[in-house]
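Hydrogens, waters and symmetry mates play no part in the numbers below; they use all other heavy atoms, side chains included.
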Amino acid sequence: MTLVYPPYSAQSIFEGATGLYALSPSQGISTIGNTSSVQRLGNAPTGITEIDPLRKKLLALGTSGLYQSTSGTNWRRIPLPKGWSLLQGKFVNSSLGFVVANNNGPAGSAAIDRTTNAGTSWNKVSTPFRPLVVDPISKNDLWVLGGTKVPATNNPTKNVYQMEWNLYNSTNGGKSWNEFVTNWQTIGGIDFLSTQDGYVWAGNYLYHTSNGGHSFVRYTLPSTLANQGILSMAFAPGKNGWALGNSQYPIYRTSNSGGLGDLSYDI
């Protein structure tokens, strides 16, 4: 992995149709190629934790709401149902998007909701698990990190549970789900580029599938990243990717899926 030095720290990074985007702790948005091509676009609304770069628009998501802009300034707020708290989201285009939200449920609960009209209305997507991250490829093809409660290990107290995280895929918009059992105790995130090609990061490892999740190649992250923990990752076609550690600076870049000594395995 090589290093990219943006002019300031970042709290998260996102890959879009026109390149890599970074969101700073002070809500600044920039496009980043290298030190000579960093372009500051503007500031996201207060409370934003994610940027979703679409081809001609930027979406900003956070607990404060959902916003849309064409330039990174002059944000328009997209009304959400009363009582919603956004946890994560991803749009396929300016009209079709999915979010993970606590939509008036008990504390700690979450559900996936879908809009096909840029947030004018929303429909719930049923899941037999607690969704954490949704990454849609199309209206029907959805990848999700989800958790289920399992009895806590090495704990004599009854009725004590922990979350076990697995990877799920639906090819019919959430009517049914395929579970890829991974049993991860810690989880980072996912970034699928197509139905077949996707990345998952958990703990000190990065996992890459090129066959729709039926098998993965596991890469051990460099110690400089693993020791501080992964804050954010983003990927593009051609095995190109970027990683941001908890130190928030610098950004790491790879052109070979991040691999140093890989281990193939099936799940």
Next on the checklist: Evaluate Leu167 against Phe216 for side-chain contact (heavy atoms from CB on, under 4.5 Å), listing each step before the verdict.
Outcome noted: CA-CA 12 Å; Leu167 182 64; Phe216 282 81; 3.6 Å; yes
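- Thr127 has its side chain out of reach of Tyr168: every pair of non-hydrogen atoms, C-beta onward, lies at least 4.5 Å apart.
- Minimum interatomic distance between Leu225 and Leu244 (heavy atoms only, all atoms of both residues): CD2-C, 4.4 Å.
- Under the rule for a side chain to side chain donor-acceptor pair (under 3.5 Å), Ser138 has no partner lying at least two apart in sequence or in another chain.
- To the nearest 0.5 Å, atoms CG (Leu23) and OG1 (Thr49) are separated by 8.0 Å.
- Looking only at side-chain heavy atoms (C-beta outward), Arg114 and Val99 stay at 4.5 Å or farther from each other.
- For the pair Glu15/Phe235, no side-chain contact is recorded, criterion being any heavy-atom separation below 4.5 Å from C-beta on.
- When hydrophobic clusters are built by joining Ile, Leu, Val, Met, Phe, Trp and Tyr residues whose side-chain heavy atoms come closer than 4.5 Å, directly or via intermediates, Tyr219 is grouped together with Leu221.
- In plain terms, the two heavy atoms of Ala110 and Pro131 that are nearest each other are O-CD, 3.6 Å.
- Of all non-hydrogen atoms in Ala243 and Ile230, the two that sit nearest each other are CB-CD1, 4.4 Å.
- Both Val134 and Leu87 are members of a single hydrophobic cluster when ILVMFWY side chains are connected at heavy-atom separations under 4.5 Å.
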Determine all donor-acceptor pairs shorter than 3.5 Å in which one atom belongs to a side chain in residues 79-86; sequence neighbours excluded.
none

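- Between Lys57 and Ser69 the shortest side-chain heavy-atom distance does not fall below 4.5 Å.
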inquiry  = Run Glu50 and Lys90 through side-chain contact (heavy atoms from CB on, under 4.5 Å) and show every step you take.
reply    = CA-CA 9 Å; Glu50 290 188 70; Lys90 188 77 175 288; over 6 Å; no
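- A distance of 5.0 Å separates OG1 of Thr31 from CG of Leu41, quoted to the nearest 0.5 Å.
- Side-chain contact between Leu61 and Asp52: present, with at least one pair of heavy atoms (C-beta onward) separated by less than 4.5 Å.
- Linking Ile, Leu, Val, Met, Phe, Trp and Tyr whenever their side-chain heavy atoms come within less than 4.5 Å puts Val217 and Met233 in one cluster.
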Verdict with reasoning, Ser95 to Asn117, per side-chain contact (heavy atoms from CB on, under 4.5 Å): CA-CA 5 Å; Ser95 298; Asn117 51 21; 5.9 Å; no
- Take Gln228 and Ser247 through the test side chain to side chain donor-acceptor pair (under 3.5 Å) and record every step on the way to the result. CA-CA 7 Å; Gln228 60 179 293; Ser247 65; 2.7 Å; yes
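- For Phe129 and Trp177, the ring centers sit closer than 6.0 Å to each other.
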Audit row: Asp141, Asn169, side-chain contact (heavy atoms from CB on, under 4.5 Å) steps and yes/no = CA-CA 7 Å; Asp141 192 357; Asn169 173 244; 3.0 Å; yes
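- A continuous path of Ile, Leu, Val, Met, Phe, Trp and Tyr side chains, each step under 4.5 Å between heavy atoms, connects Trp75 with Tyr21, placing both in one hydrophobic cluster.
- The shortest side-chain heavy-atom distance between Val92 and Lys139 does not fall under the 4.5 Å cut-off.
- In this structure, CD1 on Ile190 lies 14.5 Å from OH on Tyr207, to the nearest 0.5 angstrom.
- Scanning all heavy atoms of the two residues, the minimum distance from Tyr249 to Ser9 falls at CB-OG, 4.0 Å.
- Between Ile78 and Leu59 the shortest side-chain heavy-atom distance falls below 4.5 Å.
- The CG atom of Leu142 sits 7.0 Å away from atom CD1 of Ile112, with the distance rounded to the nearest 0.5 Å.
- For the pair Arg130 and Trp165, the tightest heavy-atom approach, listed with the atom from each and the gap, is O-CZ3, 3.8 Å.
- Of the N and O atoms on the side chains of Ser210 and Gln196, not one donor lies less than 3.5 Å from an acceptor on the other residue.
- Both tests hold for Arg218 against Tyr205: distance to the six-membered ring centre under 6.0 Å, angle to the ring axis within 45°.
- Each of Leu206, Thr209, Asp135 was compared with Tyr199 under the side chain to side chain contact (heavy atoms under 4.5 Å, CB included) criterion, and only Leu206 meets it.
- Side chain of Thr115 to main chain of Gly97: no donor-acceptor pair is present (N/O by atom type, distance under 3.5 Å, no hydrogens or angles).
- Distance CG/Asp197 to CG/Asp191: 9.5 Å, rounded to 0.5 Å.
- Minimum interatomic distance between Ile137 and Phe192 (heavy atoms only, all atoms of both residues): CD1-O, 3.5 Å.
- Using modelled atom types, one side-chain atom of Gln27 and one backbone atom of Ile48 make a donor-acceptor pair closer than 3.5 Å.
- Judged purely by distance below 3.5 Å, without hydrogens or angles, the side chains of Asn103 and Asp113 pair a donor atom with an acceptor atom.
- Close placement of the Phe180 and Trp143 rings is indicated, their centers lying within 6.0 Å of each other.
- Here the straight-line distance linking atom CZ of Phe98 with atom CD of Gln88 works out to 11.5 Å at 0.5 Å rounding.
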